[in-house]
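Inspection log for the structure reproduced underneath, given as structure tokens.
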Amino acid sequence: MENPKIIICDCDHKDVETERDVFKKSGFDFKWLHCKTEQEVIDQCQGAVCFLNQYAPMNETVFKAIPTLKMIVRYGVGVDNVDVPIATKYGVQVCNVPDYGTNEVADQALALMLSLVRKIHMIGNMTRKGIWDYQEAIPVKRLACSTVGIIGTGRIGVAFAKRVHTLGCKVIAYDVKYGQDGYSFPDFIGYKSMDEVLAQADILSLHCALTEQSKEMMNDAAFAKMKEGSYFINVARGGLVDEQALVQALSSGKLAGAGLDVVAHEPLSKGSPIFEFSNVVVTPHMGWYSKESAEELNRKCAEETVRFMNDEPVHYPINHI
């Protein structure tokens, strides 16, 4: 039997029934694989025209070895595992799904923030050990008196900003696109330089993309510019943070705590020094997830693939072919 033109080359979801329904209604066959390396992709995906891709690397080696490949749609917002300029060179359309989990990720950042500032995680673990004393949480600062700094005000950053603004927080932000034509931003956000946001924020939350320019942007120098006793939240990409610098900022007391839904290398090793801090909350890259967002993600990936196969305009192009 000839290999199908549509291949889910890797996906760790429990099933692909949503995709199956979309493809069946559109008259397309597909195959679901679990490739982890570029070589596995090359060996198992010959003849593919469209990939639905989650983590497997998409680079020049893959594009050269599978000349039939013309489209990649990624499960998620970020496309840092895809070499987009090289994909463009080989005529491969790259798409993502930027709007499926906006509310969920914003909620995750908010939940981490509340857990840190109200010290829910830390004091909850103490009560399990029989320590029934609110004074163990002192000091706890009034949230409505806090300044929340946001790096990156795309869909998710703005959704988070609206949530914390509603709670009475002052919201400041840095965004590389601020001031450019065609971009609008909520008027309750005070836009400042990166250094000003670092210096003024009581709570700093990352919501920007991982690029060569932003890789390990939170390094020793950046943490040194933050307020004493401030909180740090990352629900974007682990590669934005130099984790040794983060550990140092926690060890020195520069940071009062950190909430992480993403780390540089996932899963985070049980022996990581990050786990040594009681004022750190780590969740397993789950910010995107709700039952509804998972179904939406799977459906939109499949629908985007069908549009491409039917020579219709795609909805979420990352590059232009």
Side-chain angles (χ1 to χ4, degrees), residues 4 6-26 28-36 41 50-58 71-82 94-113 115 152 154-160 162-163 205-210 233-239 259-263 265-268 281-309 314-318:
I6 299 172
I7 295 180
I8 301 175
C9 59
D10 65 307
C11 179
D12 64 4
H13 302 171
K14 68 175 183 178
D15 62 56
V16 291
E17 292 308 306
T18 299
E19 295 94 321
R20 190 183 308 279
D21 289 344
V22 172
F23 291 140
K24 185 176 180 180
K25 289 176 183 177
S26 303
F28 290 107
D29 192 13
F30 77 102
K31 182 162 54 175
W32 178 21
L33 302 174
H34 302 279
C35 303
K36 293 183 179 180
V41 172
C50 295
F51 280 167
L52 284 75
N53 162 254
Q54 191 173 19
Y55 301 122
M58 297 285 116
M71 191 256 199
I72 298 167
V73 57
R74 192 179 177 280
Y75 285 100
V77 180
V79 290
D80 38 285
N81 65 310
V82 181
V94 181
C95 299
N96 65 346
V97 186
D99 56 356
Y100 76 99
T102 299
N103 288 316
E104 284 77 7
V105 180
D107 288 346
Q108 189 78 4
L110 179 64
L112 290 170
M113 183 186 81
S115 182
R155 289 181 178 88
I156 296 170
V158 168
F160 176 65
K162 289 178 179 177
R163 284 158 170 75
S205 190
L206 300 189
H207 298 276
C208 52
L210 177 61
I233 296 167
N234 187 11
V235 294
R237 283 290 182 269
L260 310 173
D261 187 52
V262 290
V263 292
H265 301 287
E266 298 176 358
L268 186 62
V281 184
V282 182
T283 53
H285 203 151
M286 62 172 288
W288 66 276
Y289 178 77
S290 69
K291 180 177 183 295
E292 293 81 4
S293 67
E295 291 175 351
E296 182 180 0
L297 173 63
N298 296 350
R299 174 177 55 80
K300 286 185 172 180
C301 279
E303 289 173 346
E304 188 79 313
T305 304
V306 168
R307 280 189 284 270
F308 185 85
M309 292 295 292
V314 293
H315 286 188
Y316 308 113
I318 293 293

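All values below were derived from every heavy atom in this structure, side-chain atoms included, with hydrogens, water molecules and symmetry-related copies excluded.
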- Query: Say you draw a straight line from CG of Asp99 to CD1 of Ile156; how long is it, rounded to the nearest 0.5 Å?
  - Reply: 10.0 Å
- Heavy-atom side-chain proximity of Val73 to Lys300 below 4.5 angstrom: no
- Nearest heavy-atom approach of Leu260 to Val263 is CD1-CG1, 4.4 Å
- Ile233: partners by side chain to side chain contact (heavy atoms under 4.5 Å, CB included), with sequence neighbours left out: Ala109, Leu112, Met113, Leu116, Ile203, Ser205, Val235
- Query: Do you know which two heavy atoms are closest between Asn234 and Ala236, and how far apart they sit?
  - Reply: OD1-N, 3.0 Å
- Message: With a 4.5 Å cut-off on side-chain heavy atoms, are Ile6 and Asp29 touching?
- Response: no
- Task: Say whether Tyr55 and Glu266, considering side chains only, have a donor N or O and an acceptor N or O under 3.5 Å apart.
- Result: no
- Task: Please list, chain by chain and in numerical order, all residues satisfying ring pair (Phe, Tyr, Trp, His ring centres under 6.0 Å) with Phe51, sequence neighbours excluded.
- Result: none
- Query: By ring pair (Phe, Tyr, Trp, His ring centres under 6.0 Å), which residues pair with His315, not counting sequence neighbours?
  - Reply: none
- SG-CZ distance between Cys301 and Arg299, expressed to the nearest 0.5 angstrom: 10.5 Å
- Nearest heavy atoms of Tyr316 and Pro98, plus distance in Å: CD2-CD, 3.3 Å
- Message: Quick check for you: to the nearest 0.5 Å, what is the distance between Asp80 atom CG and Leu210 atom CG?
- Response: 5.0 Å
- Item | Min side-chain heavy-atom separation Val306-Phe23 under 4.5 Å | yes
- Message: Using side-chain heavy atoms (C-beta onward) and a distance below 4.5 Å, is Cys9 in contact with Met58?
- Response: yes
- Message: Within this structure, what is the OG1-NE2 distance for the pair Thr102 and His207, rounded to the nearest 0.5 Å?
- Response: 11.5 Å
- Task: Grab the two heavy atoms, one from Trp32 and one from Asp15, that are nearest each other, plus how far apart they are.
- Result: CH2-CA, 3.8 Å
- Note on the structure: By ring pair (Phe, Tyr, Trp, His ring centres under 6.0 Å), Phe308 pairs with (sequence neighbours left out) none
- Task: Could I get the full list of side-chain hydrogen bond (donor to acceptor under 3.5 Å, both in side chains) partners for Ser293, not counting sequence neighbours?
- Result: Ser290
- Task: Output all residues satisfying salt bridge (Lys or Arg N to Asp or Glu O under 4.0 Å) with Asp21, sequence neighbours left out; order by chain, then residue number.
- Result: none
- Query: What are the two closest heavy atoms between Leu52 and Ala302, and how far apart are they?
  - Reply: CD2-N, 4.2 Å
- Note on the structure: Shortest non-hydrogen pair, Pro317 vs Cys95, comes out as CA-SG, 4.0 Å
- Query: Do Asn81 side-chain atoms and Ala56 backbone N/O form a donor-acceptor pair below 3.5 Å?
  - Reply: yes
- Item | Student check: side-chain heavy atoms of His285 and Asp261 closer than 4.5 Å | yes
- Item | Pairing residues for Asp12 by the side-chain hydrogen bond (donor to acceptor under 3.5 Å, both in side chains) criterion, not counting sequence neighbours | Gln54
- Query: So do the side chains of Trp288 and Val77 get within less than 4.5 Å of each other, counting heavy atoms only?
  - Reply: no
- By side chain to side chain contact (heavy atoms under 4.5 Å, CB included), Lys291 pairs with (sequence neighbours left out) Tyr289, Glu295
- Could you list the residues that satisfy side chain to side chain contact (heavy atoms under 4.5 Å, CB included) with Asp107, not counting sequence neighbours? Arg163
- Note on the structure: Hits for salt bridge (Lys or Arg N to Asp or Glu O under 4.0 Å) against Arg307, two or more places apart or cross-chain, chain-then-number order -> Glu304
- Query: Got a second to check how far Asn298's CG is from Ile8's CD1, nearest 0.5 Å?
  - Reply: 8.0 Å
- Check whether any side-chain heavy atom of Leu297 lies under 4.5 Å from a side-chain heavy atom of His13, and answer yes or no. yes
- Please name all residues satisfying side chain to side chain contact (heavy atoms under 4.5 Å, CB included) with Arg20, sequence neighbours left out, ordered by chain then number. Val16, Glu17, Phe30
- Message: Tell me whether the count of non-hydrogen atoms from other residues, nucleotides or ligands lying under 6.0 Å of NZ in Lys36 goes above 12.
- Response: no
- Query: Atom CD1 in Ile7, atom NZ in Lys31: separation rounded to 0.5 Å?
  - Reply: 5.0 Å
- Message: Please enumerate all residues that pass ring pair (Phe, Tyr, Trp, His ring centres under 6.0 Å) together with Tyr100, with sequence neighbours excluded.
- Response: none
